[in-house]
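Worksheet: the structure to be examined is printed underneath.
Values below: all heavy atoms of this structure, side chains included; hydrogens, waters and symmetry mates excluded. On a predicted model such as this, the values are computed, not experimentally measured, just so you know.
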Amino acid sequence: MIQTIYYIILIYFLLGGIGFYIINRKKDYSVAQKSYTKFGVYFIITNILFFSIVINPLVFQYVSILIIGMGFFEMFRLFRKSGYRNNWFYLLSLLVYGIFSIGFLLFGNLQKELILYSFIVLSIFDSFSQITGQLFGSKKLFPKTSPNKTLGGLIGGGLIAITSSFFLSNLFTEPNLKTTAISLGVVFFAFTGDLAASFYKRKFNVKDYSNLIPGHGGFLDRFDSLIVAGAWVASYQYVLNI
């Protein structure tokens, strides 16, 4: 089963690579190179997370702690660079981030198959919301907070992720109602988490959290959706448990 899941990931990355090629083939070399770098690094990150889950959930827990810790560091870094302004906003943001971080850690304690299922749906949504947004997105949803988020990207990425979840659900023994609810929640909370992270950056008048990950705007820029969506899945499993 694990081998099948990995083949599915590779197929989606191949499709995503074709999409990125179509998007960047007529762009300037420097712009295209940055996009390809982002795609390549994302592929590496996806593999690291996938195999950390597969090899031993404890390894994924250590990776999760690293991601959370770097997120706190980047939030403080922006707060410090601002001259310690927006104190109450910063403290409230820390509280909210802390709550979701606890949920994300609990996510790592779930059944391995459920973690993988959620992770694949999230990865599909993340990738194809960017691709469909650049190909078909003309209507910007939040131009001041997150200029790259478009209606086309949200609908396209959401439809591809939800449709894919129906095929992926056959790989697991969970009821269809549960996998559908989890997938819908993953898409919603991934989008919301990404938007919240963008709002935090705009509040401190910066474009990126850091340059620690090539092609990406920092750890929070890359993992915000994973943290929030993971917390949603944990909440569903531990609290709702429908």
Side-chain angles (χ1 to χ4, degrees), residues 38 41-42 45 49 60-110 115 118-119 121-123 125-126 129-130 133 140-150 153-154 157-158 182 184-240:
K38 183 176 183 178
V41 171
Y42 184 56
I45 290 173
L49 291 172
F60 180 68
Q61 285 282 8
Y62 288 136
V63 174
S64 300
I65 292 171
L66 173 63
I67 291 171
I68 291 170
M70 292 304 299
F72 275 115
F73 167 75
E74 288 181 339
M75 291 177 70
F76 174 73
R77 179 175 175 271
L78 297 193
F79 178 56
R80 184 184 61 188
K81 287 183 66 175
S82 73
Y84 302 100
R85 292 180 296 173
N86 300 315
N87 293 11
W88 286 108
F89 175 77
Y90 171 68
L91 292 174
L92 179 61
S93 299
L94 284 183
L95 176 62
V96 173
Y97 180 68
I99 292 172
F100 279 107
S101 295
I102 293 172
F104 181 50
L105 289 175
L106 292 174
F107 171 68
N109 289 323
L110 297 177
I115 297 175
S118 306
F119 173 65
V121 173
L122 170 67
S123 299
F125 175 69
D126 267 351
S129 61
Q130 293 185 44
K140 295 185 180 298
L141 294 174
F142 304 96
K144 292 184 178 180
T145 302
S146 187
N148 293 326
K149 285 185 175 51
T150 64
L154 175 60
I182 287 174
L184 289 170
V186 164
V187 169
F188 174 79
F189 283 97
F191 181 81
T192 304
D194 198 22
L195 185 64
S198 296
F199 181 73
Y200 186 89
K201 288 189 296 184
R202 299 297 176 260
K203 192 72 174 180
F204 290 104
N205 298 313
V206 297
K207 183 178 181 295
D208 297 323
Y209 281 97
S210 70
N211 58 357
L212 295 175
I213 302 178
H216 298 263
F219 272 76
L220 271 179
D221 181 69
R222 178 61 274 155
F223 298 111
D224 48 12
S225 57
L226 175 62
I227 294 171
V228 178
W232 149 251
V233 177
S235 298
Y236 183 95
Q237 188 72 355
Y238 288 117
V239 180
L240 299 177

Within the 4.5 Å heavy-atom criterion, are [X] and [Y] side-chain neighbours or not?
X: Ser198; Y: Lys149; value: yes
X: Ile227; Y: Tyr97; value: yes
X: Lys81; Y: Phe204; value: no
X: Val121; Y: Ile182; value: no
X: Phe107; Y: Ser118; value: yes

If I compare all heavy atoms of [X] with all of [Y], which pair ends up nearest, and what's the gap?
X: Ser225; Y: Asp126; answer: OG-OD2, 3.0 Å
X: Val41; Y: Pro214; answer: CG2-O, 3.4 Å
X: Gly193; Y: Val228; answer: CA-CG2, 3.7 Å

Under 3.5 Å: donor-acceptor pair, side chain of [X], backbone of [Y]:
X: Tyr209; Y: Ala197; answer: yes
X: Arg202; Y: Ser146; answer: no
X: Glu74; Y: Leu220; answer: yes

For this session: Apply side-chain contact (heavy atoms from CB on, under 4.5 Å) to Phe100 and Val96, showing your working.
Result: CA-CA 6 Å; Phe100 279 107; Val96 173; 3.7 Å; yes
How long is the straight-line distance from [atom2] of [Y] back to [atom1] of [X], given to the nearest 0.5 Å?
X: Met70; Y: Ile213; atom1: CE; atom2: CD1; answer: 8.0 Å
X: Ser210; Y: Asp208; atom1: OG; atom2: CG; answer: 7.5 Å
X: Leu94; Y: Ile99; atom1: CG; atom2: CD1; answer: 11.5 Å
X: Phe189; Y: Leu195; atom1: CZ; atom2: CG; answer: 13.5 Å

Exercise. Do Phe89 and Phe199 have their ring centres less than 6.0 Å from each other?
Worked result: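 Yes, close enough.
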Exercise. When the ring planes of Tyr84 and Phe76 are compared, do they come out parallel, tilted or perpendicular, using 30° and 60° as the limits?
Worked result: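 The arrangement is tilted - the two ring planes meet at 30° to 60°.
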Exercise. Angle class for the Phe79/Tyr90 ring planes (parallel below 30°, perpendicular above 60°, tilted otherwise)?
Worked result: parallel
Which donor-acceptor pairs under 3.5 Å do the side chains of residues 61-69 make with protein atoms, sequence neighbours left out?
| unit_1 | atom_1 | unit_2 | atom_2 | d |
| --- | --- | --- | --- | --- |
| Gln61 | NE2 | Leu105 | O | 3.1 |
| Gln61 | NE2 | Asn109 | OD1 | 2.7 |
| Ser64 | OG | Phe60 | O | 2.8 |

Problem set entry | Test log, rule side-chain contact (heavy atoms from CB on, under 4.5 Å), inputs Phe191 and Leu154 | CA-CA 8 Å; Phe191 181 81; Leu154 175 60; 3.7 Å; yes
For this session: Could you go through the side-chain contact (heavy atoms from CB on, under 4.5 Å) check for Phe223 and Leu49 one step at a time?
Result: CA-CA 11 Å; Phe223 298 111; Leu49 291 172; 4.0 Å; yes
Exercise. What pairs with Lys203 under salt bridge (charged side-chain N to carboxylate O under 4.0 Å, His left out), at least two apart in sequence or on another chain?
Worked result: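 Expected list: none.
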Exercise. Are the charged groups of Asp221 and Lys207 less than 4.0 angstrom apart, N to O?
Worked result: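 Here Asp221 does not pair with Lys207 in a salt bridge, since their nearest N and O are not under 4.0 Å apart.
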